[in-house]
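Both backbone and side-chain heavy atoms feed into the values below; hydrogens, waters and symmetry mates do not.
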Amino acid sequence: MTIALSPESSTSTGVPEVLRRYRLAISLMFLIAGMTIGTWTARIPTIQHNIKMADGKLSICLLLLAAGGLVGMRAAGRLIDRHGSTTVMVLPSLALGGALLLAGHAPTWTTLAAALLTFGILHGTLNVAMNAAAVSCQAAYGRPIMTSFHALFSIGGVAGALLSAACAHIGLSVADAFAAAAVMSTAAAGWAIHRFIPAPIASNDSQEATATAVPAQRRPRTRILLLGLLAFSALISEGAAADWASTYLTRLGATPAMAATAYAAFAASMTIGRLVGDRLTAAIAPAALLRGCGLIGGGGLALGLIGGTPLTAIAGFACLGAGLSCVVPLLYSTAGGLDPARPGAALSRVAALGYLGYVTGPAIIGGAAMHIGLGNALLILPVLATLLVIAAPVVHRSTGRHHRPAKARNHTTPVPAGGEDPTPSSRRIRTLEITTKPIDHSVTELEGALR
């Protein structure tokens, strides 16, 4: 596709300013999604104490949060394919802070359950929509940028948890802490929506080519299922690390402070891996990168668990975080590119299966630990990592061929020596031609145009 832009719209890097602003807006969505969930997670024990909930009632609330997330993810696929990812992001991003605020003010466990169900639906919808937008933005850039979006989600989660901890330290209530997070997230979402840009519009020729190519590959169900299973396996490990890493170190005899560093090492290495993940994706073939992720994550954790000491376990969880850092971005990029005309359908299925793994992972490991011990149960995670090594070619076809920067060509009209330019002024504007692969129809929408 080709789009002509004025000189002010381009930068020295060859990336149009409108695409840079669009990327910034999507980045804020990832940051908002991470911050809100991090804010909630950090205050769960306090909320349980304040409402005087039994563990069973808290489990119901958490189950409704997970169920809402799955409902939102599945609904998002249809909405994105019908209205475009930009449009679908608007409502959940603006309302997410309000749902968090309701959870912070809930006087009873039933009202908390209702607030968390709403929060889950909004968060799940935003999750799929922002990933679909990220896939489209990556296609327009012509080079890998997906992992950097997910790095911002991780950073947002840490920021939300730190915000909650800071509010607790200075004596603010949960309601006040959630109100602060709600104001920040809603303001950021409003600014991002205001900065959304009209995406490049494909020419009729490219649209016809896309329409011709899509039926041959539409609904590759087996491949979508395989991508979903890999996402399920990867996010089981992420969820299990979040809930069981510290507990495992405690059982090895670590002090509480040392035990807490296990998940910190996991989260830090995952964030660092995502910050450098785009460069790795550009330099290494997708299938090879996915194999490497599986080997580093699974092999490192296995060695750490076999070592049987707190230090080796911390190193093992750090390896797991590094190994998982690029997995979800690779899988989501592949899913979003399977059918450029309908990116939401495949992406929502893969994201829902991955999320299902995240929320059930702790229970799976906990159930196994009752029979074989926690150390042996955690060895399930390296086994699941081998699936990434075996099934790595699933990401090859859709992401392996577009890791080249977009080509830019500047065209100018020469001015005669006499100083008078016979070319009409309307044709004397320098243009920047950006050639990209066909991108999904969510990027051809004009919703969210700059105001």
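Checking Ser325, Ser148, Ser154 one by one against Arg274, the side-chain hydrogen bond (donor to acceptor under 3.5 Å, both in side chains) holds for a single residue, Ser154. Partner of Leu290 under the side chain to side chain contact (heavy atoms under 4.5 Å, CB included) criterion, out of Thr334, Leu330, Val389: Leu330 alone.
The shortest non-hydrogen separation linking Ala42 to Ala161 is CB-CA, 3.9 Å. Scanning all heavy atoms of the two residues, the minimum distance from Ala345 to Ser348 falls at O-OG, 3.0 Å. Pairing each heavy atom of Gly273 with each of Thr147, the nearest pair is O-CG2, 4.4 Å. The two residues Ser333 and Met146 make their nearest non-hydrogen contact at OG-CG, 3.3 Å. Shortest non-hydrogen contact noted between Gly104 and Val174 is CA-CG1, 4.2 Å. Nearest heavy atoms, Ile26 versus Cys137: CD1-CB, 3.8 Å.
With rounding to the nearest 0.5 angstrom, the CZ atom of Phe153 is 9.0 Å from the CG atom of Asn131. For the atom pair CG (Leu275) and CG (Leu152), the distance works out to 8.0 Å, reported to the nearest 0.5 Å. Here the CG-OG distance, from Leu126 to Ser85, works out to 11.0 Å after rounding to the nearest 0.5 Å. Leu100 CG to Thr118 OG1: the interatomic distance, rounded to the nearest 0.5 Å, is 12.0 Å. Taking CD1 from Ile80 and CE from Met89, the interatomic distance works out to 8.5 Å, rounded to the nearest 0.5 Å. Atom-to-atom distance recorded for Phe149:CZ and Gln138:CD is 8.0 Å, nearest 0.5 angstrom.
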Criterion side-chain contact (heavy atoms from CB on, under 4.5 Å) on Leu301 and Cys319, from CA distance to verdict: CA-CA 6 Å; Leu301 179 61; Cys319 289; 5.9 Å; no

Chi angles and distances behind the side-chain contact (heavy atoms from CB on, under 4.5 Å) call for Met35, Thr39: CA-CA 6 Å; Met35 186 189 72; Thr39 302; 4.1 Å; yes

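Between the side chain of Trp244 and the main chain of Pro362, a donor-acceptor pair closer than 3.5 Å is present. Between the side chain of Thr111 and the backbone N or O of Thr108 there is at least one donor-acceptor pair closer than 3.5 Å. His123 contributes no side-chain N or O that, together with a main-chain N or O of Gly69, makes up a donor-acceptor pair within less than 3.5 Å.
Relative orientation of the Tyr248 and Phe317 rings is perpendicular, given thresholds of 30° and 60° on the angle between their planes.
The side-chain heavy atoms of Met270 and Leu320, taken from C-beta on, include no pair separated by under 4.5 Å.
Remark: Arg43 is not positioned above the aromatic ring of Phe178, lacking an NZ or CZ atom under 6.0 angstrom from the ring centre and at most 45 degrees off the axis.
Side chain to side chain, Thr86 and Tyr22 meet the donor-acceptor criterion of an N or O pair below 3.5 Å. Between the side chains of His371 and Asn376, no donor-acceptor pair of N or O atoms lies under 3.5 Å.
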